[in-house]
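Indexing begins at 1, ligand by ligand and atom by atom, following the structure's order.
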Amino acid sequence: MSAPIPVEQFPRDYAAVVIGGGAGIGEATARLLAARGVDVTVADRDGDAAESVAASIRDAGGVAASAACDVTDEADVRAAFDGAVTRCGQVHAVVNSAGIQGPLGRPSHEVETADFERTLAVNLTPGLTIARVAVPHFLEQGYGRILHVASIAGKEGNPNMIGYSASKAGLIGLVKAQGKEYSRAGITVNALAPAVIRTPFLDSQPPSVIDYMLEKIPMGRTGELDEVAEMIAFVISPAAGFTTGFTFDLSGGRATY
Ligand SMILES: NC(=O)c1ccc[n+]([C@@H]2O[C@H](COP(=O)([O-])OP(=O)(O)OC[C@H]3O[C@@H](n4cnc5c(N)ncnc54)[C@H](O)[C@@H]3O)[C@@H](O)[C@H]2O)c1
């Protein structure tokens with residue numbers, strides 16, 4: 001029997017912008033996409049971190065550029081996206097992995113409104129901003145993929161993380177509506193709802209905190225960055241053409257809905 005012909009996940013000249021690509025899930029995604037031949041623009045509020053990820057992708061033989069981009073600033077998002085269009089000709093996908101935890105460890109009546117609103121501004125409002133920036137280009141080319149990293153906290157609600165839980169739930173609702181808006185235009189809009197993923201931040205937490213996080217996960221372990229990046233790569237690939245407005249699970253069996 002002859003060996004199967006390898007199938008590329010992405011067509012030649014596929015280009016993606018990864019916001020929050022300077023660390024963690026965004027960085028792992030940028031690296032995996034580049035390894036699969038995608039031209040990646042690594043965008044992050046921390047412009048040095050973004051450039052360092054892009055430079056190491058280029059050193060490894062991939063194609064990447066970077067942009068200093070605060071996702072709460074529409075002009076920054078537009079500059080990063082338009083810069084990628086100018087450089088690549090077309091952009092096919094935006095991954096939004098930028099996020100903050102917001103006020104932690106306090107019940108709602110002790111949370112300042114300004115802290116709550118700041119969490120929404122970083123975690124939720126960019127769902128609108130990114131659409132305002134990217135969708136006109138996607139409509140013109142009749143193709144586009146938008147993927148937001150939400151959280152299991154948005155599905156289940158984590159106590160004492162009211163800003164985080166509300167912002168991620170909002171993002172899940174936004175994706176449901178936006179997916180339908182563009183469902184006949186070749187554009188998909190989806191989200192991801194990871195439970196705990198192993199990042200350097202997690203490694204720095206005391207074992208008791210990690211045990212608490214793990215006790216709700218049937219698999220009894222954290223997710224790995226590669227597992228998240230693989231799912232994102234699939235969701236923003238041409239193969240994932242019949243799913244939109246959906247939130248993909250990555251929770252080791254915790255969320256089975
Ligand atoms: N790590 C987990 O266990 C986990 C679980 C569920 C959901 N998430 C979500 O995944 C996403 C990425 O998390 P992570 O663990 O990789 O975090 P991380 O802190 O390692 O990386 C987040 C990146 O986003 C950037 N960023 C933060 N605010 C920004 C802004 N305003 N504009 C642009 N960039 C900004 C940071 O500079 C950083 O590079 C977040 O949205 C987070 O809520 C993470």
Side-chain angles (χ1 to χ4, degrees), residues 17-32 41-54 66-81 94-104 117-127 129-130 133 147-158 161 163-172 174-175 190-205 209-210 212-214 216-217 219 221-229 231-232 235 247-252 254-255:
V17 176
V18 181
I19 304 173
I25 291 170
E27 176 183 355
T29 301
R31 290 184 186 283
L32 182 76
T41 298
V42 184
D44 202 286
R45 182 181 55 182
D46 183 341
D48 291 342
E51 177 48 28
S52 145
V53 171
S66 68
C69 166
D70 185 331
V71 77
T72 65
D73 183 335
E74 183 162 335
D76 274 10
V77 175
R78 199 169 288 286
F81 188 85
V94 177
V95 176
N96 173 29
S97 187
I100 57 170
Q101 292 187 317
L104 284 180
E117 287 180 345
R118 170 74 190 150
T119 315
L120 300 188
V122 178
N123 292 357
L124 173 56
T125 310
T129 314
I130 288 165
V133 168
L147 184 283
H148 295 286
V149 183
S151 168
I152 184 117
K155 280 183 163 186
E156 302 209 339
N158 285 2
M161 291 181 77
Y164 189 77
S165 300
S167 63
K168 297 297 189 178
L171 198 54
I172 290 169
L174 177 143
V175 157
N190 291 294
L192 216 63
V196 188
I197 305 303
R198 181 166 290 280
T199 60
F201 167 78
L202 188 75
D203 289 336
S204 69
Q205 298 297 304
V209 172
I210 295 178
Y212 172 78
M213 290 175 172
L214 293 183
K216 290 187 172 173
I217 299 178
M219 286 187 189
R221 67 170 179 86
T222 58
E224 298 295 330
L225 284 171
D226 288 349
E227 292 172 316
V228 187
M231 190 172 279
I232 293 175
V235 176
T247 296
F248 286 77
D249 172 70
L250 258 169
S251 68
R254 177 172 164 189

>> Looking at non-hydrogen atoms alone, which of V228, D44, T199 comes nearest to atom 1 (N) of ligand 1?
In response: T199
>> Return the CZ to CD1 distance between R45 and I19, rounded to the nearest 0.5 Å.
In response: 13.0 Å
> Looking only at protein heavy atoms, which one is nearest to atom 6 (C) of ligand 1, and how far off is it?
Replying inline: P194 O, 3.3 Å
>> Can you tell me how far apart OG1 (T29) and CG (L192) are? Round to the nearest 0.5 Å.
In response: 8.5 Å
> Heavy atoms only: which of R45, K168, Q101 is nearest to atom 27 (C) of ligand 1?
Replying inline: R45
> Which one holds for A153 and ligand 1: side chain close, backbone close, both close, or neither close, with close meaning a heavy atom under 4.0 Å?
Replying inline: neither
>> Give me the atom names and distance for the closest heavy-atom approach of A80 to T41.
In response: O-CG2, 4.4 Å
> Are I232 and I25 close enough that some pair of their side-chain heavy atoms sits under 4.5 Å apart?
Replying inline: yes
> Identify the closest protein heavy atom to atom 43 (O) of ligand 1: which residue and atom is it, and at what distance?
Replying inline: Y164 OH, 2.6 Å
>> Could you tell me if the side chain of V18 sits less than 4.5 Å from the side chain of V42, heavy atoms only?
In response: no
>> Is the shortest side-chain heavy-atom distance between L32 and D226 below 4.5 Å?
In response: no
>> Using a 4.0 Å cutoff against the non-hydrogen atoms of V196, which atoms of ligand 1 qualify?
In response: 3 (O)
> How far apart are the C-alpha atoms of I130 and V77, what are their side-chain angles, what is the distance that settles it, and do they pass the side-chain contact (heavy atoms from CB on, under 4.5 Å) test?
Replying inline: CA-CA 7 Å; I130 288 165; V77 175; 4.2 Å; yes
> Please state which protein non-hydrogen atom is closest to atom 32 (N) of ligand 1 and give its distance, to 0.1 Å?
Replying inline: V71 N, 2.9 Å
> Would you call V53 and E51 a side-chain contact if the rule is heavy atoms closer than 4.5 Å?
Replying inline: no
>> Checking side chain to side chain contact (heavy atoms under 4.5 Å, CB included) between T125 and each of T129, N123, V122, which is the one that passes?
In response: T129
>> With a 4.0 Å cut-off on N to O distance, would you call E156 and R254 a salt bridge?
In response: yes
> Relative to ligand 1, is V149 under 4.0 angstrom through side chain, backbone, both or neither, heavy atoms considered?
Replying inline: both
> How close does the nearest protein non-hydrogen atom get to atom 31 (N) of ligand 1, and which residue and atom is it?
Replying inline: D70 OD1, 3.0 Å
> Atoms of ligand 1 less than 4.0 Å from S151 heavy atoms?
Replying inline: 6 (C), 7 (C)
>> One residue to check: C69. Relative to ligand 1, which of side chain, backbone, both or neither has a non-hydrogen atom less than 4.0 Å away?
In response: backbone
> Is L104 close to M161 at the side-chain level, that is, under 4.5 Å between some pair of heavy atoms?
Replying inline: yes
> Considering G26, A98, A67, which one's heavy-atom position lies nearest to atom 35 (C) of ligand 1?
Replying inline: A98
> Taking all non-hydrogen atoms of both residues, which atom of G127 and which atom of L171 are closest, and how far apart?
Replying inline: CA-CD1, 4.3 Å
>> Would I197 count as being in polar contact with ligand 1, using the rule that some N or O on each side must be under 3.5 angstrom apart?
In response: yes
> Going by heavy atoms in the side chains, are R118 and T72 under 4.5 Å from each other?
Replying inline: yes
> Do protein heavy atoms approach atom 3 (O) of ligand 1 to less than 4.0 Å?
Replying inline: yes
> Would A150 count as a contact of ligand 1 if the rule is a heavy atom under 4.0 Å away?
Replying inline: yes
> In the protein, what heavy atom is nearest to atom 13 (O) of ligand 1, and what distance, to one decimal place, separates them?
Replying inline: I25 CD1, 4.1 Å
> atom 19 (O) of ligand 1: protein heavy atom closer than 4.0 Å?
Replying inline: no
>> With a cutoff of 4.0 Å, is A49 in contact with ligand 1, counting heavy atoms of the residue only?
In response: no
> Which heavy atom of the protein is the closest neighbour of atom 40 (C) of ligand 1, given with residue, atom name and distance?
Replying inline: S97 O, 3.5 Å
> Would A195 count as a contact of ligand 1 if the rule is a heavy atom under 4.0 Å away?
Replying inline: yes
> Short list, please: which atoms of ligand 1 are under 4.0 Å from a heavy atom of G24?
Replying inline: 16 (O), 20 (O)
>> Does ligand 1 come near enough to I19 that some N or O of the ligand is less than 3.5 Å from an N or O of the residue?
In response: no
